[in-house]
Amino acid sequence: MTLLDGKKVSNEIKDEITIEVANMKERGEKVPHLAAVLVGNDGASLTYVGSKVRSCKKIGFESTLIHLPSETTEEDLLAKVQELNADADIDGYIVQLPLPKHIDEEKVLMAVDPDKDVDGFHPANFGKMALDMETFISATPFGIMELLKRYKVDTQGKHAVVIGRSHIVGRPISILLSQKGEAANCTVTLAHSRTKDIKELTLQADIIVSALGVPHFLKEDMVKDGAVIIDVGITRVADDSKEKGYYITGDVDFEPVSKKASFITPVPGGVGPMTIAMLLKNTLLARERHRSVK
Ligand code: GUN
């Protein structure tokens, strides 16, 4: 069994970007600038956004955190989005999800300038991704593809079962794995909450991507020998014995499943750090694209 070490690979990617940023500085060019909008005080979102902003600082990007109160109106958030669209200094930005219930997420994501949409959530970018065109690929699926590439996991002609049909992970990764190319060319089955017999499917899978958010969902008896296991779940489970009052776990019952797997991502330290690295990569791409049109 080989551990797909997202922490290690994400550090390699961040090192590569750091060198590019240093070169940009040396040439007297503007460095990439990422902004993140966070509405409210959801604990997990605060952690993720904090981590994204810290990573920017480390690699030499400029970063701006816009933290708005949970009572922010949809109108005010849309005004902030328009402000970011118009700000020539910002190369890319994200609006951290989930948004408070009173705000229409779709409306907000539609308002983001596709050229600054480093999350790849705008329909124009999602559509380009689905059509194999160059675009911003959402960070989590992009990170999974990069991890498979860097570990040279053989995916050609394999049966991949993706569990979960979210717009952020399940749907896009099912499309990317089915496309032509490296770390792709899979036959893909997309399973979800209405799927009749998930175990019957996962037992046939050469590759399983679980993006469900249900701790320890994928058990040893649902996995065939030699399968590649990608765990996208990151759930906080309350635990008073821990200093923070919780621990982080994935969708996969790691210990027993890892004994059968050929490759497996840990949680934490697998897909999570890759997501941040690919967001930074998209921001670098955004800067390069803006430079080439200015
Ligand atoms: N919430 C969970 N994952 C993501 C992500 O990749 N981007 C944003 N903006 N919000 C998220």
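Not measured: the values here are computed from a predicted model. For the numbers below, each heavy atom of this structure counts, side chains included, while hydrogens, waters and symmetry mates do not.
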Quiz item: Does atom NZ of K281 have more than 12 heavy-atom neighbours from other groups under 6.0 Å away?
Solution: no
Quiz item: Taking 4.0 angstrom as the limit, do R289 and D91 come out as a salt bridge?
Solution: no
Quiz item: Can V223 be reached from V153 by stepping across I, L, V, M, F, W or Y side chains whose heavy atoms are under 4.5 Å apart?
Solution: no
Quiz item: Between I163 and L218, which heavy-atom pair has the shortest distance, and what is it?
Solution: CD1-CD1, 4.2 Å
Self-check item: Residues that K107 engages under salt bridge (Lys or Arg N to Asp or Glu O under 4.0 Å), provided they are two or more places apart
Solution: E74
Quiz item: Do other residues, nucleotides or ligands put more than 12 heavy atoms under 6.0 Å from K7 NZ?
Solution: no
Exercise. Scan N185, L190, L148 and name whichever one has a side-chain contact (heavy atoms from CB on, under 4.5 Å) with L177.
Key: L148
Quiz item: Should the pair K244-D239 be classified as a salt bridge under the 4.0 Å nitrogen-to-oxygen rule?
Solution: no
Quiz item: Residues in side-chain contact (heavy atoms from CB on, under 4.5 Å) with L109, at least two apart?
Solution: L97, F121
Quiz item: Do you know the tightest heavy-atom contact between M274 and G6?
Solution: SD-O, 3.7 Å
Practice problem: Working to the nearest 0.5 Å, report the span between CZ of F126 and CG of L131. | Solution: 10.5 Å
Quiz prompt | Taking every non-hydrogen atom, the tightest pair across S138 and G120 | solution = OG-O, 3.5 Å
Exercise. Would you kindly say whether T235 and T249 are connected by a side-chain donor-acceptor distance under 3.5 Å?
Key: no
Quiz prompt | Between T135 and N125: side-chain donor-acceptor atoms closer than 3.5 Å | solution = yes
Quiz prompt | Test item: side-chain donor near acceptor, T189 and H159, under 3.5 Å | solution = yes
Quiz item: Are the charged groups of E62 and R287 less than 4.0 angstrom apart, N to O?
Solution: no
Quiz prompt | L147 CG to K8 NZ distance, which is reported to the nearest 0.5 Å | solution = 9.5 Å
Quiz item: Could E71 and K101 be called an ion pair, given the rule that one side-chain N must be under 4.0 Å from one carboxylate O?
Solution: no
Quiz item: Tracing side-chain links under 4.5 Å among I, L, V, M, F, W and Y, which residues wind up in one group with L46?
Solution: L38, V49, V53, L65
Practice problem: Consider only side-chain heavy atoms of I, L, V, M, F, W and Y, link residues closer than 4.5 Å, and tell whether I90 and V21 are in one cluster. | Solution: yes
Quiz item: Are M145 and I229 in one and the same hydrophobic cluster, where Ile, Leu, Val, Met, Phe, Trp and Tyr link if side-chain heavy atoms are under 4.5 Å apart?
Solution: no
Self-check item: Pairwise distance CG(D197) to OG1(T202) - rounded to 0.5 angstrom
Solution: 8.0 Å
Quiz item: Do H122 and D113 get their side chains close enough for a donor-acceptor pair, meaning under 3.5 Å?
Solution: no
Exercise. Output, in order, the C-alpha distance, side-chain angles, deciding distance and verdict of side chain to side chain contact (heavy atoms under 4.5 Å, CB included) for L176 and I137.
Key: CA-CA 9 Å; L176 292 170; I137 298 172; 3.7 Å; yes
Quiz item: Using a side-chain heavy atom cutoff under 4.5 Å and only I, L, V, M, F, W and Y, what cluster partners does I94 have?
Solution: L34, V118, F136, L279, L285
Exercise. Determine, stepwise, if the pair K116 / H290 fulfils side chain to side chain contact (heavy atoms under 4.5 Å, CB included).
Key: CA-CA 9 Å; K116 295 190 174 190; H290 292 155; 4.1 Å; yes
Quiz item: What's in the same ILVMFWY side-chain cluster as Y247, cut-off under 4.5 Å, chained through other members?
Solution: V237
Quiz prompt | Shared hydrophobic cluster for I198 and V228 (ILVMFWY, side-chain gaps under 4.5 Å) | solution = no
Quiz item: In terms of heavy-atom contacts, does CE of M110 have more than 12 from other residues, nucleotides or ligands at under 6.0 Å?
Solution: no
Quiz item: Taking it one step at a time, do I144 and V232 satisfy side chain to side chain contact (heavy atoms under 4.5 Å, CB included)?
Solution: CA-CA 9 Å; I144 295 169; V232 192; 3.8 Å; yes
Quiz item: Is E29 salt-bridged to R291, cutoff N-O under 4.0 Å?
Solution: yes
Practice problem: Would you name the heavy atoms of S70 and V39 that are closest together and state the gap between them? | Solution: CA-CG1, 4.3 Å
Quiz prompt | Spacing of T73 atom OG1 and I103 atom CD1 [to the nearest 0.5 Å] | solution = 7.0 Å
Quiz prompt | Minimal non-hydrogen separation, I207 against C186, with atom names | solution = CD1-SG, 3.9 Å
Quiz item: Any chance CD of Q156 has more than 12 other-residue heavy atoms, nucleotides or ligands included, within less than 6.0 Å?
Solution: yes
Exercise. Any chance you could pull the hydrophobic cluster mates of I248, using side-chain heavy atoms under 4.5 angstrom and chaining through other members?
Key: Y48, I234, Y246, V267
Quiz item: How far does CG of D117 sit from CG of N282, to the nearest 0.5 angstrom?
Solution: 9.0 Å
Self-check item: N85 and Y93 side chains, donor-acceptor separation under 3.5 Å
Solution: yes
Self-check item: Gap separating the CD atom of E146 from the OG1 atom of T275, nearest 0.5 angstrom
Solution: 12.0 Å
Quiz item: Just by distance, with hydrogens left out, do R236 and T47 show a side-chain donor and acceptor under 3.5 Å apart?
Solution: yes
Exercise. Evaluate side chain to side chain contact (heavy atoms under 4.5 Å, CB included) for S210 paired with I230, printing each intermediate quantity in order.
Key: CA-CA 6 Å; S210 188; I230 308 291; over 6 Å; no
Practice problem: List the atom of Q204, the atom of K224, and the distance in Å for their closest heavy-atom pair. | Solution: O-NZ, 3.7 Å
